[in-house]
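All remarks here apply to the structure that follows.
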Amino acid sequence: MKELKIDANDMDYRELNEKIHEVLDENKDLEKLVLENVLGQRFIGNGISRKDLTMIVNGVPGGDLGMFMKGPKVVVNGNADHAPGNTMDEGFVVIHGSSGDVTGHSMRGGKVYVQGNVGYRSGIHMKEYKYKFPVLVIGGAAKDFLGEYMAGGIILNLNMDQEDTEKIEGRMIATGIHGGVIYIRGIVESSQLGIAADIKEFTEEDIEKIKPYIEEFCAEFGYSNEVKEKLINSKYTKIAPISSRPFQKLYTPDLR
Amino acid sequence: MIPSTVPPKYKVFVDPERCMLCERCTTECSWGVYRRQGNKILTYPNRCGACLRCVSNCPRDAITVTLNQSCGREHPVWTPEVKQDVVTQAKSGCILLSGMGNAKEYPIYFDKIVLDACQVTNPSIDPLREPMELRTYVGKKPEKLEFEYVEEEIDGKKVKKAKLETKIAPNIKLNTPIMIGHMSYGALSLNAHKAMAKAVKECGTFMGTGEGGLHRDLYGYSDSIITQVASGRFGVNSEYLNKGAAIEIKIGQGAKPGIGGHLPGEKVSAEVSMTRMIPQGSDAISPAPHHDIYSIEDLAQLIRSLKEATRWKMPVFVKISAVHNVAAIANGIATSDADAVVIDGFKGGTGAAPKVFRDNVGIPIEVAIAAVDDRLREQGNRHKISIIASGGIRNSADVFKSIALGADAVYIGTAAMVAMGCTVCGRCYTGQCAWGIATQKPELVKRLEVDDAARRVANLIHAWTHEIQELLGAAGINSIESLRGNRDRLRGVGLSEIELNTLGIKQAGM
Ligand code: SF4
Ligand code: SF4
């Protein structure tokens, strides 16, 4: 396996990202790129269109990690700042830590897995189209406004630090949702939802749907079989849109 | 049902003497105004919006559409329109939608500004024999140019050679300062988009994609395209971003400052859904703010992320609507790595806006340009950013005046649509446009003939360009660069002192 390393120590974000582009352009067969000493540099992986590439980020990447990215897998050994996976097209972002606000913003495909917590407005305006199906899995807790204006894909919030019978914190969940689905482990009350969102019955089918993501999550972060089984057999609250046309009735149908 | 107490706005009359019962009007009218019954064409005038498709297509000139005069009691305040709105909302309890730009009679400052011309002391220039430079570069300009001088030996002689040290930021090159602004595929038909793309390519200028992504059929025009990124991020991926010559972030729009966009599910056809990358028939909602922008610093971050995605090869514009603190906002944008600020005035058109916004929110573009240009100059930031003015540019004089007030270039929207056949009936939001412009219905879309519409739009831009050359010549100037912010070429007529001051122009006679 071809592997290369870049030491990001003291590098400005533009310098680092340009370096990444150069290395990738020169090494079309590169399979693994390790970034050492990353400290707040933004836009890592931005717009990179490449399959069969893994980027290891050792440190704390800055905002918009993997924005517009298409294809690569990015593994962060550390926390990430805001908006990892912003408007991402395809690819896999794995964060061994927590991430900031708007995680998975407008993601249109690919996956973002966060082991810890995520900030406010995560999964906002995720959308899907045919085979493009974005997935956001959150191991810890999510702050308010999760999945606002969600238009497609799936958000799975595992709340691993809590029992599945506990009431989950979080307000204004899924305001304006008009596509996709959110599964939250634990109890969410309808008063915690925003306009246009609805709590639906969690069925056998739903378990089948989330199972592969739980399995993959546990494999990525090295959780035991026991933990995995516990997560699969937990109680979830399913949140989905009331309609794909939430604001249809807001405007007068009369001709003017 | 509550009956409507307001009579129809228009009267539709089919002259039975002239009508030959060909039934063309029944098919041409997409609103269902006409129906044949026996040997007669019946009309339902309450459905008519005066788009005049029927009038233009009646082979016998049998149709007349006039304003309906029998409107009950006349009242200067409670006009038929005011009453109609109240009745409609009383029936539905909903927000009124409307298309096109502000329809109220606010003063049009362009029409109270006159241009200066040369006489004897400073002679005018004849554009027929002198070159007139209309070429415009939109983007950052360097504050100053720095050179490095290297000594070289050529044929035994030591020669000093200059090498440009200053890095020039990417600009887009326009042959005329007129571009077509952002109107999305989805709001407009594919044929309308194709026609505009053809026209701007021919004219050496640009068109915006709007927030609906870029249909694959337009990929061939990428050198003439400015892609837009709005809060809904529809159709935005790195391929799309790299398919244009510049990128525009839409923050606000003149027709509806402070609110987002909303393409109703009915207009999200299979092709539109593919281009926007959302399921067919679902609403396409762009919320009011970008979710990742809550400050000028966040905006700077988005600008930089777009530059990263395109490896700093493209200029990034930011579009805002003209509001009272537009100068401060534009100045912030100038310091945030953006290359141009687009200011959209409140006369700007739209496919759909709440009527209350369209008619009441925002400020005129003329004052906004002047305010922004002033502030940027005061702060020493004018070179960092180009100004593109839009929203209510109706003719070449408006273009000329915009540039003299401080803009680098303008966007036109409604004017290009009128060139294609739009009659400004203002019903674009219904998706029923009888002219095939603001619709996705295949049978209506095909009414717009691409080559013909492209010809008309290109002709319009050519014609205005000629007129601008003539106006420049008359002002004794031979390049558009010398007109920019040259407010001494403008005089106000019928404006108050405070208006003159805000516009930064003198009273006529002074
Ligand atoms: S809406 Fe247009 S096509 Fe229909 S009757 Fe009126 S003018 Fe004619
Ligand atoms: S685009 Fe069509 S519907 Fe809209 S104003 Fe023009 S003619 Fe009317």
Side-chain angles (χ1 to χ4, degrees), chain A residues 13-14 17-18 21 42-49 62-64 67-70 82-83 86-90 101-102 105-109 120-122 124-130 132 145 148-149 151-152 175-176 178-179 196 241 243-256, chain B residues 31 46-49 84-85 88-89 91-99 229 231-234 236-242 262 264-266 273-274 276-279 281-287 290-292 298 301-302 304-312 352 354-355 426-427 429-430 432:
Chain A
Y13 76 93
R14 274 185 75 178
N17 290 323
E18 202 40 49
H21 281 302
R42 302 164 182 180
F43 315 124
I44 292 174
N46 187 334
I48 291 178
S49 176
D64 292 325
M67 192 168 187
F68 306 120
M69 185 174 82
K70 186 175 183 177
H82 66 277
N86 193 348
T87 325
M88 185 167 92
D89 207 40
E90 267 167 55
D101 294 347
V102 278
H105 170 0
S106 285
M107 210 190 347
R108 53 189 329 112
Y120 293 95
R121 311 192 301 281
S122 290
I124 195 165
H125 222 313
M126 277 172 34
K127 54 178 78 65
E128 68 185 64
Y129 177 70
K130 292 191 174 161
K132 296 251 183 211
F145 316 112
E148 270 191 330
Y149 289 110
T175 308
H178 52 290
S243 140
S244 66
R245 311 264 336 256
F247 302 121
Q248 193 177 8
K249 296 219 166 68
L250 196 59
Y251 302 106
T252 168
D254 280 330
L255 278 180
R256 295 278 322 121
Chain B
W31 319 96
N46 57 339
R47 296 183 189 163
C48 178
Q84 177 73 64
D85 286 354
T88 308
Q89 293 196 296
K91 279 204 303 195
S92 65
C94 295
I95 294 173
L96 293 174
L97 275 186
S98 208
V229 174
S231 67
R233 305 282 155 90
F234 297 113
V236 178
N237 54 30
S238 58
E239 186 187 14
Y240 164 75
L241 296 174
N242 284 293
H262 176 196
E266 291 96 10
S273 91
M274 186 185 77
R276 295 198 173 213
M277 304 203 74
I278 50 167
S282 79
D283 281 354
I285 300 168
S286 318
H290 286 247
H291 311 304
D292 47 1
D298 286 351
Q301 165 112 349
L302 180 61
R304 291 183 192 125
S305 70
L306 290 166
K307 292 199 168 189
E308 279 293 328
T310 49
R311 295 183 76 175
W312 296 76
K355 191 169 182 247
R427 288 172 148 196
Y429 66 98
T430 62
Q432 299 268 74

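Proteins get letters first, then strands, A, B, ... in listed order; numbering begins at 1 in each. Quantities reported herein were computed from a predicted structural model and do not represent experimental measurements.
Between the CG atom of B/Leu306 and the OG1 atom of A/Thr87 there is a distance of 8.5 Å, given to the nearest 0.5 Å. Atom CD1 of A/Ile124 sits about 12.0 Å away from atom NE2 of B/His290, to the nearest 0.5 Å. Rounding to the nearest 0.5 Å gives a distance of 13.5 Å between CG of A/Asp89 and OH of B/Tyr240. Rounded to the nearest 0.5 angstrom, A/Ser243 OG and B/Asp283 CG are separated by 7.0 Å.
For a residue to count as touching a neighbouring chain, one of its non-hydrogen atoms must lie under 4.5 Å from one of that chain's; by this rule A/Asp64 touches chain B with backbone and side chain alike. If you measure heavy-atom distances from A/Tyr251 to chain B, the contacts under 4.5 Å come from both the backbone and the side chain. If you measure heavy-atom distances from A/Arg245 to chain B, the contacts under 4.5 Å come from both the backbone and the side chain. With a threshold of 4.5 angstrom between heavy atoms, B/Thr310 does not approach chain A through any atom at all. Using a 4.5 Å cut-off between heavy atoms, A/Asp101 does not touch chain B at all. Contacts between B/Gln89 and chain A at a heavy-atom distance below 4.5 Å are absent for every atom of the residue.
Among the candidates B/Gly232, B/Gly93, B/Ala352, B/Pro279, the residue making the largest number of heavy-atom pairs closer than 4.5 Å to chain A is B/Gly232. For the set A/Lys132, A/Lys130, A/Glu128, the count of heavy-atom pairs under 4.5 angstrom toward chain B peaks at A/Glu128. Most heavy-atom pairs under 4.5 Å with chain B: of the set A/Ser244, A/Ser106, A/Gly45, this distinction falls to A/Ser244. Per-residue counts of heavy-atom pairs under 4.5 Å with chain A were compared for B/Met277, B/Glu266, B/Arg304, B/Glu239; the largest is that of B/Met277. Ranked by non-hydrogen atom pairs under 4.5 Å with chain A, the options B/Ser282, B/Gly99, B/Pro287, B/Ser231 are led by B/Pro287. Ranked by heavy-atom pairs shorter than 4.5 Å toward chain B, the options A/Arg121, A/Met67, A/Glu148, A/His178 are led by A/Arg121. Between chain B and the residues A/Leu250, A/Asn17, A/Ile48, the largest count of heavy-atom pairs under 4.5 Å involves A/Leu250.
The two residues B/Ser238 and A/Gly47 make their nearest non-hydrogen contact at OG-O, 3.9 Å. Across all their heavy atoms, A/Phe68 and B/Ser305 have their closest contact at CE1-O, 4.2 Å. Of all the heavy atoms in A/Asn86 and B/Arg233, the pair that sits closest is OD1-NH1, 3.3 Å. A/Arg108 approaches B/Arg276 most closely through the heavy-atom pair NH2-O, 3.5 Å.
A cation-pi arrangement is absent between B/Lys307 and A/Phe43, since the terminal nitrogen or guanidinium carbon is not both under 6.0 Å from the aromatic centre and inside a 45° cone about the axis.
Between the side chain of A/His125 and the backbone N or O of B/Ser286, no donor-acceptor pair lies under 3.5 Å.
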- Could you walk me through whether A/Arg14 and B/Glu308 pass side chain to side chain contact (heavy atoms under 4.5 Å, CB included), step by step? CA-CA 8 Å; A/Arg14 274 185 75 178; B/Glu308 279 293 328; 3.5 Å; yes

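Considering only residues two or more places apart in sequence or on other chains, B/Arg311 meets the side chain to side chain contact (heavy atoms under 4.5 Å, CB included) condition with A/Glu18, A/His21, A/Asp25, B/Lys313.
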